[in-house]
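Here the structure comes first, spelled out in structure tokens, and everything after it is commentary.
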Amino acid sequence: FFLKDMGSYRKDKGYIDILYLFKLKTTNYKVDIKNALGDLISGCSVGIMHLPQGMAYALLASLRPVYGLYTSLFPVLVYFIFGTSRHISIGTFAVISIMVGSVTERLAPDSNFIVNGTNGTETVDIDKRDAYRVQVACSLTVLTGIFQILLGVVRFGFVVTYLSEPLIRGYTTGSACHVCVSQLKYLFGITPSRFTGPLSLIYTVLDICSLLPQTQVPELVVSLVALAVLIVVKEINDCYRQKLPLPIPIELVVVIAATIITHFCELPSKYNIDVVGEIPSGLKAPRAPDTTFFSGVIGDAFAVAIVGFAINISLSKTFGLKYGYKVDSNQELVALGLSNTIGGFFHCYSVTSSLSRSLVQESTGGKTQVAGVISSIIVLITVLKIGPLFEDLPKAVLSTIVFVNLKGMFKQFMDVSLLWKTNKVDLLVWLVTFISTIVLNLDLGLAVSVAFSMLTFIFRTQLPRYSILGNLPGTELYLDTDTYKEAKEIPGIKIFRSSATIYYTNAEMFLEVLQEKTGIEIGKLLSAKKKRDAKQKRRQEKEKKKTKKEKKRACKSGTHSIILDISTTSFVDTVTVKTLKNIFRDFGEVDLDIYLAGCQACVVEQLEAADFFSASIPKSRLFITVHDAVLYIPRRHCSSLTLCCMQGTGKGRGFSGRM
């Protein structure tokens, strides 16, 4: 009854339609024979990818591999019900995993679980540490989901628009570097110290370099062999993807082969190869998260929520545009939030969509999220029956899987050369984001990146391009006279335009450049008037004469009218209204008429609400287009301006006749 009642409030009344957000999109899941076959093949292919990637990415989150399998199971089923994208693959992802791992290691470091050994040596209680880290990860995940659900319910999906593409790509590239460094310890078989805070990545790299003489050669050999096989076969998949019916599941093949060789050759006992260890069969009972962790992870949870949604919605909209269906950003927030919240109760950590799995799901014929259900069935079978068979899988092999899947992110370094040629401001955002992510870590790096990106936006609006417009002969077009030499100024009329919205941050500059471009120094006239009013009566006459002379000098150019083209202004604030009033008043005192052209309807409404129009500023000074104002001005001044550069004559269409 509550949902039905809430559903009666429609979006046009300012409320969220709860039923719209939570109802099952049955049209997405109508199964016909053609879709069923494609979804079956696609689901099997993605499910095979989920197994090695889930276990590998769990290591990034500093959790045991089985929790990566749980994360590849439950959230996928939730998204199947509530999601709007038909092609993305929800589950583990490298960037989100490393963000979760940074939290679990910070709140549950090895130093907190040191116990005395039998020989008086200190050892780490691995079981207790891992159990505590799972609690941290689940609490973080549930809080992340709550943030996403709340943002979706209040229709705050647009927040992701403040994360520009250069910012996201720079951030994911920096995150890929963190992922790469975190896996080097498995590659070389060493145990570097753990560092936190700014510059921790640099310290870790230096520590790893100092430990290279202690490299475990067997671990390195296993890593290099697995890495070589993965790279070669993945390149074959890329080169022959049009000819191969299905991509070769090389990750699963390597995992199986490495497990068999390690088990029968007894590599852990002979060469001290570090393996995955115990993988319990079956599913664990759901458990409520420990809310005492919420206060310590609230900032991290919000960062994971925003980054996870940004990655998810960018992929979703890409596929939506390609196949012609709508992706609702607010419902995607809710769907992802429910996937995280419910998953957190089932021992999962935060999820988002994966580019590599999504591309496979699409390329192998997936048409709906039924493919996700099929992939979940494969993961479920593995968790219930097959999981313990992978206990002898070397962690070095999982680390190589992570390395290989970072290829797409490292290709984003090519953005630097492209942005250098196309947009240097976006290049600066990319570089600042990348460097701050490397130097300040993932949480502070994201905050600095967003702040810097917003500053670039503010500076762009504070420093717009101002221009004097001229008429293009034979047309009704008015273009920048500095850019288009064919454009000619109208005698006696200055047409001034700003390339950005006029508001409180640039209103003062608008007035300054207006005086500079028109050649009328209104400031000198006003200051002279103020001095005249403040001085003694015997000096007032002298100041009046001086002011009259300056008025004559100001108008020597023959300019009698100024048109402000404010077609680029989408809103006005109180500072803008005050600035425009001052322009009408001050320029009027030196016998210059001001006109507004190109006002949007919403801007006119805002001006009316601010009591902008009056006897001194009538609506007859407001025109739909610049050309209408130019046609009206000669009659206003009863002058014989020659408009030979224009095509035809006619009456100007002023707002005054329509308001």
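- When side chains are defined from C-beta on, Tyr478 does not count as touching Asp565, because their heavy atoms never get closer than 4.5 Å.
- Looking only at side-chain heavy atoms (C-beta outward), Tyr79 and Ser85 come within less than 4.5 Å of each other.
- At most 12 non-hydrogen atoms from other residues, nucleotides or ligands lie less than 6.0 angstrom from NZ of Lys421.
- Residue-environment remark: OH (Tyr325) exceeds the threshold of 12 foreign heavy atoms within 6.0 Å.
- When atom types are taken as modelled, the side chain of Ser499 and the backbone of Arg465 share a donor-acceptor pair closer than 3.5 angstrom.
- Taking the ring axis of Phe584 as reference, the NZ or CZ atom of Arg621 does not stay both within 45° of it and closer than 6.0 Å to the ring centre.
- Using modelled atom types and a 3.5 Å distance limit, the side chains of Thr576 and Asp573 yield a donor-acceptor pair.
- Residues Phe309 and Leu151 form no side-chain contact, since every pair of their non-hydrogen atoms from C-beta on lies 4.5 Å or further apart.
- Using a 3.5 Å distance cut-off with no hydrogens or angles, the side chains of Ser200 and Asn441 do pair a donor with an acceptor.
- Counting only distance, with no hydrogens or angles, the side chain of Thr481 and the backbone of Gly470 share no donor-acceptor pair below 3.5 Å.
- No more than 12 heavy atoms of other residues, nucleotides or ligands shown are found within 6.0 angstrom of CZ on Phe302.
- The closest side-chain heavy-atom distance from Arg106 to Val103 is below 4.5 Å.
- The side-chain heavy atoms of Phe623 and Ile563, taken from C-beta on, include no pair separated by under 4.5 Å.
- Taking a cutoff of 4.0 Å between a charged side-chain nitrogen and a carboxylate oxygen, Arg460 and Asp426 qualify as a salt bridge.
- Proximity of Ile502 to Val572: side-chain heavy atoms (C-beta onward) are nowhere separated by under 4.5 Å.
- In this structure, Glu486 contributes its side chain and Leu472 its backbone to no donor-acceptor pair below 3.5 Å.
- The shortest distance between side-chain heavy atoms of Ile313 and Leu336 does not fall below 4.5 Å.
- In this structure, Asn506 contributes its side chain and Thr501 its backbone to a donor-acceptor pair below 3.5 Å.
- Note on Lys317 versus Glu332: no salt bridge recorded, every NZ/NE/NH1/NH2 to OD/OE distance being 4.0 Å or above.
- Side-chain atoms of Ser358 never come within 3.5 Å of backbone atoms of Ile88 as a donor-acceptor pair (strictly under, hydrogens ignored).
- No donor-acceptor distance shorter than 3.5 angstrom exists from the side chain of Tyr484 to the backbone of Asn471, with no hydrogens or angles considered.
- Between the side chains of Glu476 and Thr625, not a single donor N or O lies within less than 3.5 Å of an accepting N or O.
- In terms of modelled atom types and a separation under 3.5 Å, the side chain of Ser453 and the main chain of Ser449 share no donor-acceptor contact.
- Although no hydrogens or angles enter the test, the distance criterion places no donor-acceptor pair under 3.5 Å between the side chain of Glu489 and the main chain of Lys494.
- No hydrogens or angles considered: nothing links the side chains of Gln331 and Thr84 as a donor-acceptor pair under 3.5 Å.
- Aromatic ring orientation, His87 versus Tyr323: parallel (interplanar angle below 30°, classes split at 30° and 60°).
- Screening residues 431-461 for ring-ring contact (aromatic ring centres under 6.0 Å, His included), with sequence neighbours left out, gives Phe413-Phe434, Trp430-Phe434.
- More than 12 non-hydrogen atoms from other residues, nucleotides or ligands lie less than 6.0 angstrom from CZ of Phe571.
- Side chain of Ser467 to main chain of Leu469: no donor-acceptor pair is present (N/O by atom type, distance under 3.5 Å, no hydrogens or angles).
- Residues Met409 and Val95 have side chains in contact (heavy-atom distance under 4.5 Å, counting atoms from C-beta outward).
- Ser350 places no side-chain N or O within 3.5 Å of a backbone atom of Asn340 that could act as its donor or acceptor partner.
- When the side-chain hydrogen bond (donor to acceptor under 3.5 Å, both in side chains) test is applied to Asn423, no partner is found at least two apart in sequence or on another chain.
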